[in-house]
Amino acid sequence: MLADKHILLIIGGGIAAFKSLDLIRRLRERGCQVTPVLTRSGTEFVTPLSVSALCGTKVFRDLFDLTDEAEMGHIELSRAADLIVVAPGTADLMAKMAGGLANDLASTVLLATDKRVLVAPSMNVRMWDHPATRRNLETLRGDGILFVGPNEGDMACGEYGPGRMAEPLEIVSAIETALADGPLKDKHIVVTSGPTHEPIDPVRYIANRSSGAQGTAIATALAGLGATVTFITGPADVPPPSGVTVVPVQTAAQMQAAVDAALPADAAVFAAAVADWHVSNASDAKIKKDKSGLPTLEFAENPDILASVSQRKKDRPQLVVGFAAETNDVIANATAKRQRKGCDWIVANDVSPETGIMGGTENAVTVISAAEQEAWPRMDKDAVARRLAQKIADALT
Ligand code: CTP
């Protein structure tokens, strides 16, 4: 799958740079051509000679190297690859990318490229958690930059937490997803996932038990078939998939705005468990216990995102898929819901407690369209996702 693909690998200055040497080896084993760019601080961690020997090609290092510019200019360097991979993606490189800086070869290539970029972040846990890095991450996700990792674990600096660079084989698999040449290549699909949080005051909110597992699995499966996926997720328990554009939101209103901004799309899959109401008298300040008695919450209806997209006159995706979680009269309720909302398919499931589906690893669904009902056997949520992704591919191609 990676044979004859061309990866431009930017190696930043982090202790995880040694893992990038193994990454090069793994990519070369799979027939990939790897062109390395080593940042100035990257050379403190790995030598140009070892990078060059493993890649079987020269290492690009300096923006103002006339020999390099004569051989291949930095603009051409940024366009010649199928994918740009930044590993280790340091806090500094992420900040430069988010700010649009171009003050060395790596940042200039990243600003000049028209290719997709996959970043494998690697940094100390406090740097990863710093509000500046959080802001940069959101900006970059919004720009369509793909991420793999970081993982949680012991760090070279002696601390523990998220910030460890993903392992080379995880990066290889994210590269495969990003370069997937499947039936959904050139198709853009929007997926909503997870719960929404509706604030009561700045510290309290109303939520639901959705883990985001099924939506995440669907986004992964669609990306695996080559789709460009915009994954709009409420605060979920499971980490977002790699190889997709992630748009994190909190409330139903934010999810609606993110979906509107992500359109047009060829298909949209609404797997999120969106709160039906929000608190219309939410307080700007923390509600205190005082003598005036118990607070009274007033509710207002949230926008129905699935219905609004299904009924769009302009930019309606060719295929709109909703979910119906029911506890009784599953098929009748789901069939009525499909018609009421106006979506093409509805994926119905029985979430009665005795099924163990809500919060569990398995699902048993019936896919209902205007023409038919397909009852699928009980299987794990990843298998449901792969089968649904294949059915979407069959419908769109
Ligand atoms: N949905 C949405 N926006 C909402 C509510 C739901 O996009 N504000 C989508 C969900 O993502 C899912 C489908 O609509 O695809 C579920 O419909 P919904 O009417 O919310 O189902 P239930 O929560 O099961 O509601 P009901 O009380 O009507 O059974």
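Both counts, for ligands and for their atoms, begin at 1 and track the order of listing.
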Does any N/O atom on [X] come nearer than 3.5 Å to any N/O atom on ligand 1?
X	value
Ile305	yes
Ala272	yes
Leu306	yes

Legend entry - Lys341 to ligand 1, any heavy atom closer than 4.0 Å: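 So Lys341 counts as touching ligand 1.
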Inset, instruction - Say whether Ala324 and ligand 1 are in contact under the criterion: heavy-atom distance to a ligand atom below 4.0 Å. - result: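 Per 4.0 Å heavy-atom rule, Ala324 does not contact ligand 1.
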Inset, instruction - Just let me know how Pro303 lines up against ligand 1, side chain, backbone, both or neither, with a heavy-atom cut-off below 4.0 Å. - result: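 The part of Pro303 near ligand 1 is the backbone, not the side chain.
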Nearest to [atom], what protein heavy atom do you find, and at what distance?
atom	value
atom 15 (O) of ligand 1	Phe270 O, 2.6 Å
atom 12 (C) of ligand 1	Phe323 O, 3.2 Å
atom 5 (C) of ligand 1	Val274 CB, 3.7 Å

Legend entry - Cation-aromatic face contact Arg387/Trp376, 6.0 Å, 45 degrees: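 Yes, Arg387 sits over the ring of Trp376.
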Legend entry - Which of the ligand 1 atoms, numbered from 1, are nearer than 4.0 Å to a heavy atom of Ala325: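 Close to Ala325: 24 (O).
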Legend entry - Interfacing atoms of ligand 1 (cut-off 4.0 Å, heavy-atom, Gly322):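 Ligand 1 atoms under the 4.0 Å threshold to Gly322: 15 (O).
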Inset, instruction - Run down the list Thr192, Asn208, Asp276, Val320 and name the one with the heavy atom closest to atom 23 (O) of ligand 1. - result: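 Among Thr192, Asn208, Asp276, Val320, the closest heavy atom to atom 23 (O) of ligand 1 comes from Asp276.
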Legend entry - Heavy-atom nearest option to atom 25 (O) of ligand 1, drawn from Lys337, Glu326, Arg338: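 Among Lys337, Glu326, Arg338, the closest heavy atom to atom 25 (O) of ligand 1 belongs to Lys337.
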Inset, instruction - Using the rule that two of Ile, Leu, Val, Met, Phe, Trp, Tyr join whenever any of their side-chain heavy atoms come within less than 4.5 Å, decide whether Ile368 and Leu306 are in one cluster. - result: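 No, it is not one cluster - the side chains of Ile368 and Leu306 are not joined through contacts under 4.5 Å.
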In plain terms, say whether [X] and [Y] are close enough for a salt bridge, that is, a side-chain N and a carboxylate O under 4.0 Å apart.
X	Y	value
Asp260	Arg312	yes
Lys19	Glu167	yes
Lys381	Glu362	no

Inset, instruction - Go through the steps to decide whether Thr230 and Val244 satisfy the test side chain to side chain contact (heavy atoms under 4.5 Å, CB included), and finish with yes or no. - result: CA-CA 6 Å; Thr230 304; Val244 308; over 6 Å; no
Inset, instruction - Describe, in one word, how the ring planes of His197 and Tyr205 are oriented to each other, choosing from parallel (under 30°), tilted (30 to 60°) and perpendicular (over 60°). - result: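 Rings of His197 and Tyr205: parallel, as their planes differ by under 30°.
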Inset, instruction - Would you please say whether a donor-acceptor pair under 3.5 Å links the side chains of Asn349 and Gln214? - result: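 No, no side-chain donor-acceptor contact under 3.5 Å.
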Inset, instruction - Verify the distance criterion only: is there a donor paired with an acceptor across the side chains of Thr196 and Glu198 at less than 3.5 Å? - result: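 Yes, Glu198 and Thr196 have a side-chain donor paired with an acceptor closer than 3.5 Å.
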